[in-house]
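Everything below concerns the one structure shown next.
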Amino acid sequence: MPRLALLRHGHTAWNREGRIQGRTDVPLDGAARAQLQQLHLPAPWDRAPIWSSPLSRASETAEIVSGRLPATDAALLEMDFGHWEGSRGQDLFADGSSGFRHIEDWGWAFCPPGGESLIAVKNRLNQWVERLTTDAVAVCHIGVMRVLMAQATGWDFASPPPFQIKRNRLYVIEIKQDGWRLEPGFIRLVERCS
């Protein structure tokens with residue numbers, strides 16, 4: 001069965017401002033581009049098929065670190081955060097009527113106002129994963145990664161997550177018929193030789 005290596009896209013201005021991006025197509029910022037241009041995928045992932053979300057922050061990250069145009073699929077889009085997109089989490093917390101809460105208090109039934117439920121994200125991602133026939137790299141978003149990694153660890157969005165997601169690292173999931181498994185640790189991207 002294939003393995004799936006997940007990589008989070010580089011920083012954007014909205015990331016740095018603490019804004020919720022969701023489906024809003026915010027590009028990488030200059031600092032992220034400069035950092036990513038110094039990195040590439042490690043072997044054997046440098047030869048694996050490369051996929052990404054169609055949003056520019058993910059597809060550009062994929063192209064920079066792989067040196068190839070990625071195949072894109074709408075299944076890898078970030079969760080739609082509806083009315084919260086563009087807002088800062090701290091501002092939503094301050095507004096008691098927003099319904100905003102910490103991720104460990106979501107549960108699988110969570111759905112932001114006017115947005116997409118976690119179950120809907122899970123369903124579209126699982127349909128995409130089922131079509132994989134070889135090892136692959138997917139450059140995507142933290143929400144997508146959380147949903148996939150939750151299934152590989154048994155996390156239910158009702159407690160603190162059993163993993164941390166950082167940039168410039170691959171997180172590998174073994175896709176098996178009897179269940180998925182998140183490999184321990186992570187694999188760092190490799191620095192390019194000068």
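Val137 approaches Ala48 most closely through the heavy-atom pair CG2-CB, 4.3 Å. Scanning both residues, Ala150 and Trp108, for their nearest heavy atoms gives CB-CZ2, 3.9 Å. Scanning all heavy atoms of the two residues, the minimum distance from Val139 to Ala58 falls at CG1-O, 3.4 Å. The two atoms that bring Ser52 and Ser59 nearest to each other are OG-CA, 3.2 Å, heavy atoms only. Of all the heavy atoms in Asn15 and Gly10, the pair that sits closest is OD1-O, 3.8 Å. The minimum heavy-atom distance between Trp128 and Ala138, with the atom names listed, is CH2-CB, 4.0 Å.
At distances below 3.5 Å, at least one donor-acceptor pair connects side-chain atoms of Arg101 with backbone N or O atoms of Trp106. A donor-acceptor pair under 3.5 Å links the side-chain atoms of Glu85 to the main chain of Thr24, judged by distance alone. Panel note: side chain Tyr171, backbone Arg8; no donor-acceptor pair is recorded below 3.5 Å. A donor-acceptor pair is defined here as one N or O able to donate and one able to accept, closer than 3.5 Å; such a pair exists between the side chain of Arg169 and the backbone of Arg167. Judged purely by atom type and a 3.5 angstrom limit, Glu116 uses its side chain to pair as donor or acceptor with the backbone of Asp80. A donor-acceptor distance shorter than 3.5 angstrom exists from the side chain of Asp25 to the backbone of Ser56, with no hydrogens or angles considered. Side chain of Arg88 to main chain of Gly18: no donor-acceptor pair is present (N/O by atom type, distance under 3.5 Å, no hydrogens or angles). Arg181 contributes no side-chain N or O that, together with a main-chain N or O of Ile173, makes up a donor-acceptor pair within less than 3.5 Å. One N or O on the side chain of Ser98 and one on the backbone of Phe100 form a donor-acceptor pair closer than 3.5 Å. With hydrogens and angles ignored, the 3.5 Å screen pairs a side-chain donor or acceptor of Trp155 with a backbone N or O of Ser159.
From Leu148, atom CG reaches atom CG of Leu182 across 10.5 Å, with rounding to the nearest 0.5 Å. To the nearest 0.5 Å, the span separating CG on Asn123 from CD on Gln127 amounts to 6.5 Å. Remark: Gln90 CD to Arg19 CZ distance equals 9.5 Å, nearest 0.5 Å. Atom CG in Leu7 sits 9.5 Å away from atom CG in Leu39 (nearest 0.5 Å). Rounded to the nearest 0.5 Å, atoms CD (Gln21) and OG (Ser87) are 12.5 Å apart. One finds the CG atom of Asp178 at 9.5 Å from the CE atom of Met1 (value rounded to the nearest 0.5 Å).
No hydrogens or angles considered: a donor-acceptor pair under 3.5 Å links the side chains of His141 and Ser53.
Side chains of Thr12 and Asp29 form no contact here, defined as non-hydrogen atoms less than 4.5 Å apart. Between Asn168 and Arg188, the closest side-chain pair of non-hydrogen atoms is not below 4.5 Å. Two residues are said to be in side-chain contact when any heavy atoms from C-beta on lie closer than 4.5 Å; Val190 and Leu41 fail this criterion. Side-chain contact check for Pro54 versus Leu77: some heavy-atom pair is nearer than 4.5 Å. No side-chain heavy atom of Phe186 sits less than 4.5 Å from a side-chain heavy atom of Leu170. Side-chain contact between Ile165 and Met149: present, with at least one pair of heavy atoms (C-beta onward) separated by less than 4.5 Å. Counting heavy atoms from C-beta on, the side chains of Met145 and Cys140 come closer than 4.5 Å. The side-chain heavy atoms of Pro160 and Ile103, taken from C-beta on, include no pair separated by under 4.5 Å.
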Could you give me the CA-CA distance, side-chain angles and deciding distance for Arg68 and Glu63, then say whether side chain to side chain contact (heavy atoms under 4.5 Å, CB included) is met?
CA-CA 5 Å; Arg68 298 175 275 147; Glu63 184 176 356; over 6 Å; no
Decide yes or no on side chain to side chain contact (heavy atoms under 4.5 Å, CB included) for Val172 and Ile187, but give the supporting numbers first.
CA-CA 8 Å; Val172 179; Ile187 304 167; 3.9 Å; yes
Determine, step by step, whether Arg16 and His11 satisfy the side chain to side chain contact (heavy atoms under 4.5 Å, CB included) criterion, reporting the C-alpha distance in whole Å, the side-chain angles of both residues, the deciding distance to 0.1 Å, and the verdict.
CA-CA 7 Å; Arg16 296 187 197 279; His11 279 100; 3.2 Å; yes
How far apart are the C-alpha atoms of Phe163 and Thr153, what are their side-chain angles, what is the distance that settles it, and do they pass the side chain to side chain contact (heavy atoms under 4.5 Å, CB included) test?
CA-CA 9 Å; Phe163 49 76; Thr153 61; 3.8 Å; yes
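Under the 4.5 Å side-chain heavy-atom criterion for Ile, Leu, Val, Met, Phe, Trp and Tyr, Leu4 and Ile50 are members of distinct hydrophobic clusters. Note on Leu76: it clusters hydrophobically with Phe81, by side-chain heavy-atom contacts below 4.5 Å among ILVMFWY residues.
By the 4.0 Å N-to-carboxylate-O rule, Arg131 lies close enough to Asp73 to be salt-bridged with it. Arg3 has no carboxylate O lying under 4.0 Å from a charged side-chain N of Glu174, or vice versa, which leaves the two without a salt bridge.
Heavy atoms of other residues, nucleotides or ligands lying less than 6.0 angstrom from CD of Glu17 number more than 12.
Taking the six-membered ring for Trp and thresholds of 30 and 60 degrees, Trp84 and Phe110 have ring planes inclined between 30 and 60 degrees apart.
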